[in-house]
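To start, the structure under review is shown below, and the notes come after it.
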Amino acid sequence: MSVRVRFAPSPTGYLHIGGARTALYCYLIAKAQKGSFILRIEDTDLERSKREYELAMIDDLKWCGIDYDEGPDKGGEFGPYRQSERTQTYLDIAKDFVEKGFAYPCFLTTSELEELTAKAESEKKSPHAYHGKYRDLDPAEAKKRVEAGEAHIIRFKNPRKEWSFTDMVRGDVKFPVDMVGDFAIIRSNGMPVYNFCCVIDDHLMKMTHVIRAEEHLNNTVRQLMIYEALGAEPPRFVHCSLLVGEDRQKLSKRHGATSVKQYREQDYLPAALMNYLCLLGWSHPDETDIFDINQMDSIFDLNRFNKSPAFYDITKLKFFNEQYLRALSVEDLATGFEKAIPSEHAYHAKETSWKLDFAELFREKVQLFSDIVPQLGLIFDETIEQTEDVVDVNSWETTPTIRDYVKTRVSEIKASGSENITSEEFKEIMNHLKKELKIKGKPLFMGLRVVLTGKTHGPDLSKAIPLTPISTIEKRLS
RNA sequence: GCUCCCAUCGUCUAGCCCGGUCUAGGACACCGCCUUUUCACGGCGGCGACAGGGGUUCGAAUCCCCUUGGGAGUACCA
């Protein structure tokens, strides 16, 4: 039987970094086994789910390079792939469950439930100890009350036995009899609940593997019960490790940039992000770390998951991004810059050679700008448009001499109508300083750099200066 | 509280299943040197870990138990 794996996000926000990693794993496993990868939208929580998020998620997945075979916008043999469009299926099964005694209507009101939960807490009992109040109500009477229109939910009747399953990452996992109570499967508004829909769909859509993060591990016990009631064989479960922040807690919004969208906006390269994410909880058999996720084929082995939670470290992400940035062709880099070039450089940007020169210059210097490296737009500023004086111009005694001479030459060049200093002219300036003024070594290079850029490090001057408008240079000299 | 899961350098991890080849390997970060008449890249090197305690064994990072620590779940969220 061919492998079928699904990624089932809830459209309640933008695609999360953790979600992207899970999606990536699902995608890679499906690919490695030549199976199918399915996108299913779990939007049964009417209040929180929004169509715009669904669209944004699909868009982000596309940006990540994670392509699925079946999904809400693609269709497929087992659709629809949006749970809100499958409500009747769930309701029919719930009804069947009630008739067969696997589930029952519960008339507990929200306030009653709160009271019982508080009572359980004070008695140091498990909070679900009282959820089964209507469990043994006569079915005929329950039916009568439901038909009379009394508010109710449908609860699953916990068969109260021990459960266990073999997780492909965790190994054998056992759950005790009273781990959960009689949990809800249909809300009072008539909408079904996650654990119920998830199992029904995984069954109906013929999933062979359920791959998700460890936060769902405990849900498995409820799901196992539903599989049994359905008379269905559960799929293979793969609970991979959680992504955590610096406080070691589950990665969430408060940890900073945690949505894929934010990295897109900062121009991170998707291949770099995927490569990094792939290694957070999984290891390559060859112990290599830079690799193309699309060239893994059967290398992606689900026996290589690490069980412990992984810290999402942006410093290391930046390293991956740098590696990918360097590997880009000069042409691709130049294309990437196009949108980032400020209008005052428009005359430059028209020249392909200028763009290529700049791209090449940039590539050499990627590391230098590691803080802002992903942001091509800002790179431009850092490389060419350094405006702040961060260094004392007089830290070298030769600096004033250099500045005076450079000032004179720049005025001359400008007077001749040039918009920038050519490499030849720059070389002449260097030679003059060297030969006529006898300045050499560090004072020469650093002096020139400080005079021209106001900083003590940056790209090779002979390359950067010809790319800088003469007006910008003049401003710095004044 | 209860249940489940986890535990190798600061971080991501290899090794663990099938004990010896591990004075524990790689990568990020950090530090140093070399290269470059700057910075960076690159090369070389350094710092740096088997949570603790008991077993089992000739031998344990690897197997077993306990302790400690961390995390997740405990919803009419997913």
Side-chain angles (χ1 to χ4, degrees), chain A residues 8-12 19 42-45 47-49 106 108-110 113 117 120-121 123-129 131 151-155 167 169-171 173-176 178-181 183-195 197-198 212-221 239 241-242 244 246-250 276 279-290 303-304 306-313 315-320 322 326 363-370 430 434 440-450 453 455-461:
Chain A
S10 200
T12 55
E42 309 222 326
D43 55 351
T44 54
D45 183 345
E47 282 92 67
R48 296 201 303 145
S49 300
C106 166
L108 240 30
T109 63
T110 315
L113 203 55
T117 306
E121 203 166 314
E123 291 171 2
K124 298 204 167 171
K125 285 189 183 172
S126 124
H128 44 249
H131 288 187
H152 68 283
I153 64 169
I154 306 292
R155 279 186 192 280
D167 188 277
V169 175
R170 317 267 142 203
V173 181
K174 288 189 200 6
F175 298 109
D178 270 327
M179 176 150 162
V180 295
F183 55 95
I185 57 173
I186 305 290
R187 300 172 168 92
S188 52
N189 69 1
M191 283 301 282
V193 174
Y194 165 74
N195 281 119
C197 308
C198 179
R212 64 203 353 177
E214 201 201 308
E215 57 193 313
H216 286 291
L217 189 60
N218 287 312
N219 276 147
T220 311
V221 67
H239 287 96
S241 64
L242 237 32
V244 298
E246 61 280 291
D247 56 359
R248 290 269 135 197
Q249 308 222 327
K250 191 166 78 171
Y276 172 63
L279 254 9
L280 244 33
W282 184 84
S283 60
H284 193 109
D286 298 341
E287 290 195 49
T288 51
D289 36 27
I290 305 287
N303 292 314
R304 298 195 62 83
N306 189 298
K307 296 183 203 180
S308 29
F311 171 56
Y312 177 68
D313 184 6
T315 309
K316 194 155 183 178
L317 203 212
K318 281 182 178 159
F319 166 78
F320 277 85
E322 281 164 28
R326 280 206 187 84
R363 190 158 50 168
E364 283 174 22
K365 310 303 296 180
V366 168
Q367 170 65 40
L368 190 59
F369 313 108
S370 68
M430 289 272 284
K434 239 193 283 185
K440 56 179 183 176
K442 205 160 186 163
L444 170 67
F445 280 82
M446 283 309 265
L448 207 44
R449 175 175 297 284
V450 166
T453 71
K455 289 191 177 180
T456 47
H457 55 219
D460 187 331
L461 288 176

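Naming convention: chains lettered A, B, ... in sequence-line order (proteins, then strands); numbering from 1 in each chain.
- For the C1' atom pair drawn from B:rU74 and B:rU23, the interatomic distance equals 47 Å after rounding to whole Å.
- Pairing for B:rU11 goes to B:rA27, judged as Watson-Crick or G-U wobble with the two contacts each under 3.5 Å.
- Closest to the A:D45 side chain, of the nucleotides B:rA14, B:rC4, B:rA78, is B:rA78.
- In this structure, A:Y194 reaches the bases: a heavy-atom distance under 4.0 Å links it to at least one base atom across the strands shown.
- A search for salt bridge (charged side-chain N to carboxylate O under 4.0 Å, His left out) contacts involving A:D286 returns nothing, not counting sequence neighbours.
- Taking atom C1' on both B:rA51 and B:rA61, the two are 12 Å apart, rounded to the nearest angstrom.
- Rounded to whole Å, the C1' atom of B:rG20 lies 11 Å from the corresponding atom of B:rU57.
- Using N1 to N3 plus N6-O4 or O6-N4 for Watson-Crick, or N1-O2 and O6-N3 for G-U wobble, each under 3.5 Å, B:rU74 pairs with B:rG1.
- Shown here are the side-chain contact (heavy atoms from CB on, under 4.5 Å) partners of A:R48, two or more places apart in sequence or in another chain: A:T12, A:D45.
- Every residue meeting the side-chain contact (heavy atoms from CB on, under 4.5 Å) condition with A:S308, not counting sequence neighbours, appears here in chain and number order: A:N306.
- In this structure a side-chain-to-backbone donor-acceptor pair under 3.5 Å is present from A:H128 to A:D178.
- Of the two residues near RNA chain B, A:E42 and A:L280, the one whose nearest nucleotide lies more 5' is A:L280.
- Contacts of A:E246 classified as side-chain contact (heavy atoms from CB on, under 4.5 Å), with partners at least two apart in sequence or in another chain: A:H255, A:F311.
- Judged by Watson-Crick or G-U wobble contacts below 3.5 Å, the nucleotide B:rA49 has no partner.
- Closest to the A:R304 side chain, of the nucleotides B:rA14, B:rA78, B:rC4, is B:rA14.
- Between the CZ atom of A:R48 and the P atom of B:rA78 there is a distance of 7 Å, given to the nearest Å.
- Nearer the 5' end of RNA chain B, as judged by each residue's closest nucleotide, is the contact made by A:D178, out of A:G171 and A:D178.
- At whole-Å resolution of the value, CH2 in A:W282 and P in B:rA14 are 10 Å apart.
- Atom P of B:rC17 sits at a distance of 25 Å from the matching atom of B:rG10, rounded to the whole Å.
- Under the side-chain contact (heavy atoms from CB on, under 4.5 Å) criterion, A:K174 pairs with A:S164, not counting sequence neighbours.
- Proximity of a side-chain donor or acceptor of A:S10 to a complementary backbone N or O of A:E42 within less than 3.5 Å is detected.
- Taking both residues in full, the closest heavy atoms of A:S188 and A:I153 are given as N-CG2, 3.4 Å, listed atom of the first, atom of the second, then distance.
- Base pairing of B:rC18 is not made with any nucleotide, judged by Watson-Crick or G-U wobble geometry with both donor-acceptor distances under 3.5 Å.
- In this entry B:rG69 has B:rC6 as its Watson-Crick or G-U wobble partner, both defining distances falling under 3.5 Å.
- One interatomic measurement links the two molecules: NZ of A:K307 to C1' of B:rA14, which rounds to 16 Å at whole-angstrom precision.
- Atoms CG (A:D286) and C1' (B:rG15) sit 15 Å apart, rounded to a whole Å.
- With sequence neighbours left out, A:K250 forms a salt bridge (charged side-chain N to carboxylate O under 4.0 Å, His left out) with A:E215.
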Heteroatom pairs (N/O) under 3.5 angstrom, protein to nucleotides 43-52 of chain B:
none

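- Distance noted for atom C1' between B:rC50 and B:rG25: 13 Å (whole Å).
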Could you run through nucleotides 69-76 of chain B and give me one letter per nucleotide, 5' to 3': B if any protein heavy atom sits under 4.0 Å from the base, S if only the sugar-phosphate is that close, - if neither? --BBSS-B
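- For the salt bridge (charged side-chain N to carboxylate O under 4.0 Å, His left out) test, residues two or more places apart in sequence or in another chain that qualify with A:R170 are A:E214.
- Pairing of B:rG42, defined by two Watson-Crick or G-U wobble distances under 3.5 Å, is identified with B:rC34.
- Within the nucleic acid shown, A:R212 has no heavy atom closer than 4.0 Å to any nucleic acid atom.
- Using a 4.5 Å heavy-atom cutoff, the side chains of A:V221 and A:V180 are in contact.
- Between A:H239 and A:V173, the closest side-chain pair of non-hydrogen atoms is not below 4.5 Å.
- Partners of A:D289 by side chain to side chain donor-acceptor pair (under 3.5 Å), not counting sequence neighbours: none found.
- A gap of 14 Å separates the P atoms of B:rC66 and B:rC6, to the nearest Å.
- Closest contact between the side chain of A:A310 and the listed nucleotides B:rA78, B:rU13, B:rU3 involves B:rU13.
- Residues satisfying the ring pair (Phe, Tyr, Trp, His ring centres under 6.0 Å) test with A:H216, not counting sequence neighbours, are A:Y194.
- One atom, CD1 of A:I290, and another, C1' of B:rC12, lie 12 Å apart when rounded to the nearest Å.
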Between protein and nucleotides 24-28 of chain B, what N or O pairs are separated by less than 3.5 Å?
unit_1, atom_1, unit_2, atom_2, d
B:rG25, N2, A:E287, OE1, 3.1
B:rA27, O4', A:D289, OD2, 3.2
B:rA27, O2', A:D289, OD2, 3.2
B:rA27, N3, A:K316, NZ, 3.0

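- B:rC47 and B:rC33 have their P atoms separated by 16 Å, with the value rounded to a whole Å.
- For A:F175 and B:rU3, the CZ to P distance is 13 Å, given to the nearest whole Å.
- Look at the C1' atom in both B:rG26 and B:rU8: the space between them is 13 Å, to the nearest Å.
- The CG atom of A:D43 sits 10 Å away from the P atom of B:rA78 (whole-angstrom rounding).
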